[in-house]
Amino acid sequence: MSNVPAELKYVNSHEWLRLEEDGSVTIGITDHAQELLGDIVFVELPEVGAQLAADATAGVVESVKAASDVYAPIAGEVVEVNVELEGSPELANTDPYGAAWFFRVKPANAADLDSCLTAAEYTKEIGA
Amino acid sequence: MTATPKTTPLYDSHLAAGAKIVDFAGWAMPIHYGSQLKEHEIVRSDAGMFDVSHMCVIDITGADAKDWLRTLIANDVEKLGFEGKALYSGMLTPEGTVIDDLIVYLTHYGYRMVVNAGTADKDIAWMLKQAEGRAVELTVRRELAMIAVQGPNAIEKACKVLHEEWESTIKGLKVFQGFPFGSVEEGWFIARTGYTGEDGLEIMLPADEAPLFWKALIGAGVAPIGLGARDTLRLEAGMNLYGHDMDETVSPLQAGMGWTIAWEPADRNFIGRAALEAEKAAGVAMKQVGLVLEGRGVLREGLKVVVEGVGEGVITSGTFSPTLKHSVAIARVPAATDANSSKAQVDLRGTLTDVRVVKMPFVRNGKKVFE
């Protein structure tokens, strides 16, 4: 059974989003995504300063089993990436909502977050 | 193919150990019990066990058994000089491609063969056809389970839960030797074989005794290991996986199995021999090599390999190597490829990426072995 924290937002490509106090949005992959992938061995992150369109490829997460793109769930400028995750990709398996955040964006439009899925909607989406 | 996958006698044991179950060749098998990487590491450093009961055991008896096997498979059972000795071989089509790869043991009653799960039905059909009119009897031993205990501490730990009086015989087994322990009817057969590049045993036993034995092994500190780690372990060891590195479209000469073909004596007319001789005479087009990617990314089956100045090939198996912490692959490339000097690239998600061409295996007994 996958963990879907109630306070986060989600998209059906299995990224989660968290609105920070400074208005930036932190993005990672969900517990369900890491379960599907299995042991994660490489992570590729976007460049700081990159302007991402919604649904644009923002990175790659690669497990023993498969490679999968990570998408920008909303449009925005990348303001920070989790360099530590590149060195310890297994964090995405053990702490997907904490230490294994992928990148932070300054949203092009803060209201975009509202159109993302709630925890209840995402839970339904993945049949959890 | 049936809709409901078959289960082994250890299915409930896997569930109890928290296995994630997947369909493998029509069998419901554990892919991992939590972490494939941890399981891999346990086999390289300590002792792990695999349920390989889906593989098929076939006993071969009868006055013609030996002569028949000498035509059925490409390696020569004449080499089995004493009881207990085992041989790895391909079973080939008349066209010189691989029906299956297998192990055959010389036993006091005849021969014991172990074939792959996904190919068992076609293997048996082929063998029955070849046995028509011959004094050969095939007995499919589906009532047996099989557990592979592998790793540097595997034999020591397994001996703790096996009959005490068997211990000296088990410890005296050399690599690629195995015997029945007790009577054949009792069903126990222990061999010093495996598919991981580590020391260990493959233990055949009666299905109804398997769950208790499995539990006893856990008690002795042997960890259950899933098929996921089995794949990364065998790939690091440079061992072929049927249906990936070779099949009925591939010649053994192009799949790293040349060493398994016994050309002498020249008058032993095994099935596929004429086709392989013609292939050799014309020049074997492709060969098997190892690929190493030391940077980021994972080489995967089906990806195209470009060998500079030589031509194109394909990755037949690829993975992340948990021991080496980077990706390795088995590839079939043009025969002119040189394992020391050739430069090669793989199309990795749209980017042509440099890879090293090496001679396999990659890992043996826990250590990197390629240059």
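In what follows, chains carry the letters A, B, and so on, assigned in the order in which the sequence lines appear, proteins first and then strands, with residues in each chain numbered from 1. As the structure is a computational prediction, the values presented were derived from the model and not from experiment. Just so it is clear, the values below take in all heavy atoms, side chains as well, and ignore hydrogens, waters and symmetry mates.
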Give the minimum heavy-atom separation between B/V298 and A/S63, together with the two atoms involved. CG2-O, 4.4 Å
Are more than 12 heavy atoms from other residues, nucleotides or ligands located less than 6.0 Å from atom CD of A/E20? yes
Separation of B/H40 NE2 from A/D39 CG (nearest 0.5 Å): 11.0 Å
Test your reading of the model: is there a side-chain donor-acceptor pair from B/Q36 to the backbone of A/G38, 3.5 Å cut-off? no
All heavy atoms of A/A67 vs all of B/R300, minimum pair found to be N-NH2, 3.7 Å
Does B/K359 have more than 12 heavy atoms from other residues, nucleotides or ligands lying within 6.0 Å of its NZ? no
Under the criterion side-chain contact (heavy atoms from CB on, under 4.5 Å), I'd like the reasoning laid out for B/R296 against A/E62: C-alpha separation, chi angles, the key distance, then a yes or no. CA-CA 10 Å; B/R296 185 176 302 206; A/E62 192 142 15; 6.0 Å; no
Less than 4.5 Å apart, side chain to side chain, heavy atoms only: is that true for B/L37 and A/V41? yes
Answer yes or no: are there more than 12 heavy-atom neighbours, outside A/E7 itself, under 6.0 Å from its atom CD? yes
Which bit of B/S321 is near chain A, if near means a heavy-atom gap under 4.5 Å: side chain, backbone, both or neither? neither
Does a salt bridge link A/E35 with B/K20, judged by any charged N lying under 4.0 Å from a carboxylate O? no
Need one label for A/E90: side chain, backbone, both or neither, based on atoms under 4.5 Å from any heavy atom in chain B. neither
For A/E84, is the CD atom crowded, meaning more than 12 foreign heavy atoms sit under 6.0 Å from it? no
